[in-house]
K.L.:
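Next up is a structure, given as structure tokens.
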Amino acid sequence: MTLVHRQSTIPVAGPPAPRYEGPNRRTPAPPAGELVDSPGFPTAARRELDLPVQRGNLHQAMTTIRTKRQQCVSELDHWEELRLAGEAIKNRTLRHLDSYLVQLEENLTAAGATVHWARDAAEANRIITGLVKEALADEEVHYDGTGVVGDEVVKVKSMVTQEIDMNEALEAAGVAAWETDLAEIIVQLGHDRPSHFLVPAIHRNRAEVREIFLAEMGTYGKPAPPDLDSEPRNLAGAARLHLREKFLRAKVGISGANFAVADTGTLVVVESEGNGRMCLTLPQTLISVVGVEKVLPTFDDLEVFLQLLPRSSTAERMNPYTSMWTGPTGGDGPEKMHVVLLDNGRSRVLADRIGREALRCIRCSACLNVCPVYEKVGGHAYGSVYPGPIGSILTPQLRGTTSAVDRSLPFASSLCGACFEVCPVRIPIPELLVYMRNQVVESKKAEAKSKPGMPFLAHGEPAAMTGAAWMMADSRRWSAATKGVGLSGRILGKADHLGPMPWPLSKWTNARDVPIPPQESFRSWYKRERGGGSR
Amino acid sequence: MNAREEILTRIRTALQDVPEVAPEVDVPVEWEYHRATRTEGVLDLFVERVEDYKAAVVRANSGEVPGRIVEALNAHDVHSVVLPAGLDPTWRAALEASEIEVRDDTPLDRAQLDTTDAVVTAACVGAAETGTIFLDHRPDQGRRALTLVPDMHVCVIRADQVVSDVPEAITRVAPSVRENQLPVTMISGGSATSDIELSRVEGVHGPRTLHVVLVQD
């Protein structure tokens with residue numbers, strides 16, 4: 001297992017665009033700092049647990065969606081067959097990804113689209129910024145004293161453009177990128193970050209949404225009606241009016257793609273509101289950013305995924321709108337189409353024979369919705385655009401296991417297994433979490449070994465385990481040992497975990513955190529409470 | 001090495017463990033494609049499932065269709081309607097004879113579409129199980145913006161266009177993509193969102209009213 005990991009010399013995901021801090025921002029500024037610099041999961045989780053409103057919002061929403069999904073899935077008696085088919089089609093694609101990508105490129109080009117390849121986030125952002133600038137070059141640009149008016153794009157909700165932090169790259173280049181999905185504009189106008197794949201503003205309730213709309217919409221376009229109440233229907237109506245003027249004047253649309261069909265060169269976007277259709281249809285130029293793992297071999301394969309995805313994500317038989325397009329169509333929709341195929345760490349994930357299973361993910365968010373950990377802490381604790389169980393395995397694979405947050409993510413789970421049960425492409429998330437935990441330990445050990453002056457005993461861990469086995473095999477030895485740690489627990493006081501310890505315990509703790517032992521062992525508690533008679 | 005070559009090289013390096021055999025041999029897919037999931041009650045199910053999305057469905061024979069279209073538009077207080085060039089001439093005639101202003105897609109620009117109340121189109125395929133209508137935007141359905149910007153969409157679908165479920169529907173629509181590279185729009189009810197507290201709200205950016213006329217002779 002670890003050999004595969006260590007052999008990989010393929011680069012991890014490149015850093016996202018730096019947050020644009022300059023004057024005259026054109027869009028609401030997101031929170032300061034980079035996601036990858038987030039504190040480790042336990043610290044972030046504690047912070048998020050202190051938000052009772054968010055906890056209530058999440059509990060309410062997750063309970064609703066879980067019940068709906070169960071109903072929606074149990075309607076189909078061939079659901080398990082569908083999951084197996086989804087798994088197999090994705091495995092087939094990933095194991096022959098190079099040939100499918102070449103085929104996709106050929107058919108996209110034949111259909112009249114221009115294909116670009118991007119190794120990482122920075123390269124993708126450079127390509128996109130260049131294309132946007134070119135498309136807007138003959139636009140009438142004027143200055144209103146603070147900045148350029150007219151340089152803007154409208155966006156379909158897309159995880160991959162968040163992954164590369166494209167909005168900030170465009171902002172730095174003087175282009176305003178407007179989110180058009182309702183939840184995404186709640187996040188964007190709220191100077192906030194997404195916390196869920198499907199419903200990025202899931203951590204907000206209707207009253208909070210109303211406040212954000214009233215406070216912010218007027219700064220960036222059509223204001224919210226002053227008498228706006230918190231009825232979801234009316235909040236959606238305010239978004240409709242606010243965005244309509246942006247749709248009607250947009251020259252450039254930017255999208256992701258849920259699927260990219262190799263044998264026809266067709267891109268597919270699955271959505272609900274019609275904002276996607278607006279962005280895909282009205283502008284003259286369309287730029288689609290597509291992660292290389294989004295390929296499907298044939299158009300026929302859509303019959304499997306268009307059943308799996310909506311029932312797993314919004315828990316509907318079908319989402320309201322799905323758009324498919326195969327290059328430009330004269331007189332209908334954008335005249336120019338660009339497709340940016342993005343690696344950004346995916347080929348590295350692919351190199352790991354075990355970890356690559358995570359690349360089957362179709363971003364439905366079913367695993368988030370059933371996760372007891374996600375429901376309590378929400379998406380922000382994960383320090384990644386990919387939160388929840390799938391994010392806990394995908395993020396450290398894409399970004400590598402060097403930062404505190406990436407090292408903590410595989411441990412952000414109770415391994416209850418619910419995520420696998422609902423995954424439409426049968427990703428064994430619990431097994432991959434355990435595997436990733438091992439990867440984190442291995443990378444910490446490698447790091448400790450490479451530090452000069454740090455003695456490292458190659459077989460220290462097995463020796464430690466043998467010692468532990470000897471100790472645990474005899475109840476008297478175990479009692480004596482646990483008495484010791486109980487004492488140390490009392491001495492160590494308020495700290496909640498032990499960092500690296502002196503040799504020989506360092507064989508274990510230089511790669512792992514050990515919780516502070518309880519002040520009393522279970523055995524001694526039992527003896528005290530239930531009186532004598534131990535065995 | 002340019003980005004394309006480098007990414008493909010990375011992927012080929014990553015896949016060194018995969019034997020050089022055809023993908024279909026390497027990973028068999030145990031799935032029977034193009035299968036009908038039912039043969040009976042398809043139309044009733046289609047109606048039930050479209051209505052589940054809070055869209056209206058009326059049944060009519062071919063002769064009744066023009067009248068049903070005008071009725072639906074009047075019931076929603078529609079003053080202007082855009083018609084695709086290839087629409088059935090009898091439907092067009094009924095609308096021209098009504099009080100409703102008929103606009104042709106000459107093409108209309110976005111602002112003109114935005115001030116048009118409704119659109120009437122034919123359809124390509126319907127999937128009963130999911131209550132989905134597929135448009136492939138041939139001349140009787142119009143370009144994509146027509147069924148997007150106006151707030152009401154009256155969609156006329158024939159009984160012989162309705163199939164059991166998504167697999168059959170994808171099979172029916174595939175030639176439009178494979179042979180003609182036409183865009184396809186799948187519509188399941190009106191525009192909707194579940195973005196606030198995961199409670200479904202009908203009506204965001206697309207047409208807030210979907211009215212389906214199912215033609216059975």
K.L.:
Partners of His205(B) by ring pair (Phe, Tyr, Trp, His ring centres under 6.0 Å), sequence neighbours excluded?
P.N.:
Phe247(A)

K.L.:
Measuring only between side-chain heavy atoms, which start at C-beta, is Arg95(A) closer than 4.5 Å to Asp17(B)?
P.N.:
yes

K.L.:
Say whether, by atom type as modelled, one donor and one acceptor occur between the side chain of Glu303(A) and the main chain of His34(B) under 3.5 angstrom.
P.N.:
yes

K.L.:
Could you list the residues that satisfy side-chain hydrogen bond (donor to acceptor under 3.5 Å, both in side chains) with Arg38(B), not counting sequence neighbours?
P.N.:
Glu129(B)

K.L.:
Is it the backbone or the side chain of Ala118(A) that comes under 4.5 Å from a heavy atom of chain B, or both, or neither?
P.N.:
backbone

K.L.:
Examine the side chains of Thr147(B) and Arg277(A) and answer whether a donor and an acceptor come within less than 3.5 Å of each other.
P.N.:
yes

K.L.:
If we count only N and O atoms by modelled type, under 3.5 Å, do the side chains of Asp332(A) and His137(B) hold a donor and an acceptor together?
P.N.:
no

K.L.:
Should Pro167(B) and Gln307(A) count as side-chain neighbours, where that means a heavy-atom distance under 4.5 Å?
P.N.:
yes

K.L.:
Taking the side chain from Tyr321(A) and the backbone from Thr185(B), do they hold a donor-acceptor pair closer than 3.5 Å?
P.N.:
no

K.L.:
Go through the atoms of Ser176(B) and report whether side chain, backbone, both or neither lie under 4.5 Å from a heavy atom of chain A.
P.N.:
neither

K.L.:
Please identify each residue that fulfils side-chain hydrogen bond (donor to acceptor under 3.5 Å, both in side chains) with Asn275(A), with sequence neighbours left out.
P.N.:
Thr180(A)

K.L.:
Any side-chain heavy atom of Leu341(A) within less than 4.5 Å of one from Ile7(B)?
P.N.:
no

K.L.:
Looking at Lys157(A) and Asp195(B), is any side-chain nitrogen of the basic one under 4.0 Å from a carboxylate oxygen of the acidic one?
P.N.:
no

K.L.:
A side-chain contact here means heavy atoms from C-beta on lying under 4.5 Å apart; do Asn57(A) and Glu197(B) qualify?
P.N.:
no

K.L.:
Counting only heavy atoms closer than 4.5 Å, note whether Thr329(A) contacts chain B via side chain, backbone, both or neither.
P.N.:
side chain

K.L.:
Do the side chains of Glu208(A) and Ile196(B) get nearer than 4.5 Å, heavy atoms only?
P.N.:
no

K.L.:
Taking all heavy atoms of Ala236(A) and all of Val204(B), pick out the closest pair and write down the distance.
P.N.:
O-CG1, 4.3 Å

K.L.:
What are the residues of residues 40-58 of chain B, in order of number, with any heavy atom under 4.5 angstrom from a heavy atom of chain A?
P.N.:
Arg49(B), Asp52(B), Tyr53(B)

